[in-house]
Amino acid sequence: MFRKSALSVVAVGAAIALLSACGAGPGSTRSASADGGRPDELVFAAIPSEQSDDLEASFAPIISALRKDLGVPVRFQAVTSNAAVVEAQVAKRVDIAVYGAFSYYLARSRADVEPVAVPLAAPAGEPGAYAYGVTRGDDKSITSLKDVAGKDVCFTDPGSTTGYLQPLASLREAGVDVDKDVKTVFTHGHDTAVASLLAGDCDIAFVGDVFIDQLLPARGQLKPGQVTKVWTSPLIPGPPIVVGTWLPQDVRDKISKTVTGLTATGAASAGLCKGSEIKGPKTWGQYADATACTLGTSTAWTFVKATDATYQPIARICEITKAEVCTSGG
């Protein structure tokens, strides 16, 4: 079950500003939507990302597709924080939102919302990421998480899901108390965690899969055989598209169908991002270098259907670790 928790005063203040921007005062548009009637307008909110220079432009293809398929205006709203979006959904002033998986964990216990889609990074990919535990290629002393007791461990950052929170939960499940049984080194980066491992500063490093499988080898910073994967986490779900359950069921179904029916290249072919097209990354396989649209703040290929059950791995991390991010909505 999801636990109830409070947001910070700062988050509530940011939410108040958002509510004003979204028309929090009396009005037929918002009241119709909030009461389960037919919405005259939908509000779509997202937060800035360092991966996107123009937030609204990055979501424009999704917004355009929703407007066309739903037949109602969809107004985009940039918001300062995940917590502010959660508060706005608690108040039923944001109908559709994109925020982090841990923020959904928080929102689920406070707002009438449900996830409808999660991004897929590549045509043959999965809707999320994995954490890896890696050792130096010549080190055979660790073959499972139980062997980590008594070792030096490199984590990335206390707020990282792949670099700390999921590994922390799995270590505890394996009977390893990180506070007592290991020496912890925070490297503040996935690439620096691997570099620290190779330099002998730790015996095992926990990092996101994309760094081991793609980024570091592509940069020439990791050669074949330098590390050995000794542990792979369960799938960690990506950031969901979340809708208010105060919307009629057929509207929610249309939102899900529209978003999951988009592909980055298909959106470009339909003219949904004229003037701001991108080239598909190498991870898109046969679609690498193809003309495409951005679908949100990451280079997602498409979206697949998500439900509350998709985010149970986040609930389990929170139940085991009692991490601050589980109560602050970071």
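The analysis underlying the following values was restricted to heavy atoms, covering all of them including side chains, and did not include hydrogens, waters or symmetry mates. Residues: numbered from 1 along the sequence shown.
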Minimum heavy-atom distance [X]-[Y], with the two atoms named:
X	Y	value
Gln89	Tyr99	OE1-OH, 2.7 Å
Phe206	Thr156	O-CG2, 3.6 Å
Asp181	Gly175	OD2-O, 3.9 Å
Ala46	Leu55	O-CD2, 3.7 Å
Pro239	Gly100	CB-CA, 4.3 Å
Ala131	Ile236	N-CD1, 4.2 Å

Without swapping roles, check the side chain of [X] against the backbone of [Y] for a donor-acceptor pair under 3.5 Å.
X	Y	result
Ser58	Thr294	no
Lys322	Glu319	yes
Trp284	Ala264	no
Thr192	Gly189	yes
Thr310	Thr307	yes
Thr245	Asp112	yes
Asp203	Asp152	yes
Arg136	Gln226	no
Ser109	Leu106	yes

- Task: For side chain to side chain contact (heavy atoms under 4.5 Å, CB included), just list the numbers for Val85 and Ile47, CA-CA rounded to whole Å, side-chain angles, deciding distance to a tenth of an Å, and then say yes or no.
- Result: CA-CA 8 Å; Val85 185; Ile47 64 169; 3.9 Å; yes
Taking side chain as C-beta onward, heavy atoms only, is [X] less than 4.5 Å from [Y]?
X	Y	answer
Val153	Cys202	no
Leu168	Gln166	no
Val43	Phe76	no
Ile62	Val259	yes
Leu216	Val194	yes
Phe155	Thr187	no
Pro39	Leu247	yes
Phe102	Leu165	yes

- Task: For the residue pair Phe44 and Phe59, categorise the inter-ring angle as parallel (less than 30°), tilted (30 to 60°) or perpendicular (more than 60°).
- Result: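 Rings of Phe44 and Phe59: tilted, 30 to 60°.
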- Message: Classify the ring geometry of His190 against Phe211: parallel below 30°, tilted from 30° to 60°, perpendicular beyond 60°.
- Response: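 Parallel, since the angle between the ring planes stays under 30°.
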Once you round to the nearest 0.5 Å, how far does [atom1] of [X] lie from [atom2] of [Y]?
X	Y	atom1	atom2	answer
Ser64	Asp69	OG	CG	11.0 Å
Leu215	Asp191	CG	CG	9.0 Å
Ile142	Lys151	CD1	NZ	5.5 Å
Lys254	Gln249	NZ	CD	12.5 Å
Arg108	Ser103	CZ	OG	15.5 Å
Thr232	Leu235	OG1	CG	11.5 Å

- Query: Would one find more than 12 heavy atoms of other residues, nucleotides or ligands at under 6.0 Å from atom CZ of Arg316?
  - Reply: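 For Arg316, atom CZ is not crowded (no more than 12 foreign heavy atoms under 6.0 Å).
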Hey, any chance [X] and [Y] share a hydrophobic cluster, counting ILVMFWY side chains that come within less than 4.5 Å of each other, even indirectly?
X	Y	value
Ile320	Ile314	no
Phe186	Tyr132	no
Leu198	Ile204	no
Val113	Leu70	yes
Val134	Tyr164	no

For [X] and [Y], does a side-chain donor sit closer than 3.5 Å to a side-chain acceptor?
X	Y	result
Asp147	Thr143	yes
Trp246	Asp95	yes
Ser256	Thr260	no

Flag the pair [X] and [Y] as a salt bridge only when some basic side-chain nitrogen lies within less than 4.0 angstrom of an acidic carboxylate oxygen.
X	Y	answer
Arg93	Glu87	no
Glu173	Lys146	no
Arg38	Asp250	yes
Arg172	Asp177	no
Asp209	Lys229	no

- Task: Begin with the C-alpha distance, continue with both residues' side-chain angles, and end with the deciding distance and a verdict on side chain to side chain contact (heavy atoms under 4.5 Å, CB included) for Tyr105 and Ile317.
- Result: CA-CA 10 Å; Tyr105 169 85; Ile317 290 172; over 6 Å; no
- Message: Please evaluate residues Glu114 and Asp308 with respect to the criterion side chain to side chain contact (heavy atoms under 4.5 Å, CB included), reporting the C-alpha separation (whole Å), side-chain torsions for both, the decisive distance (0.1 Å), and the verdict.
- Response: CA-CA 7 Å; Glu114 64 180 7; Asp308 187 66; over 6 Å; no
- Task: Please step through side chain to side chain contact (heavy atoms under 4.5 Å, CB included) for the pair Leu66 and Ile255, ending with a clear verdict.
- Result: CA-CA 7 Å; Leu66 288 171; Ile255 292 170; 4.1 Å; yes
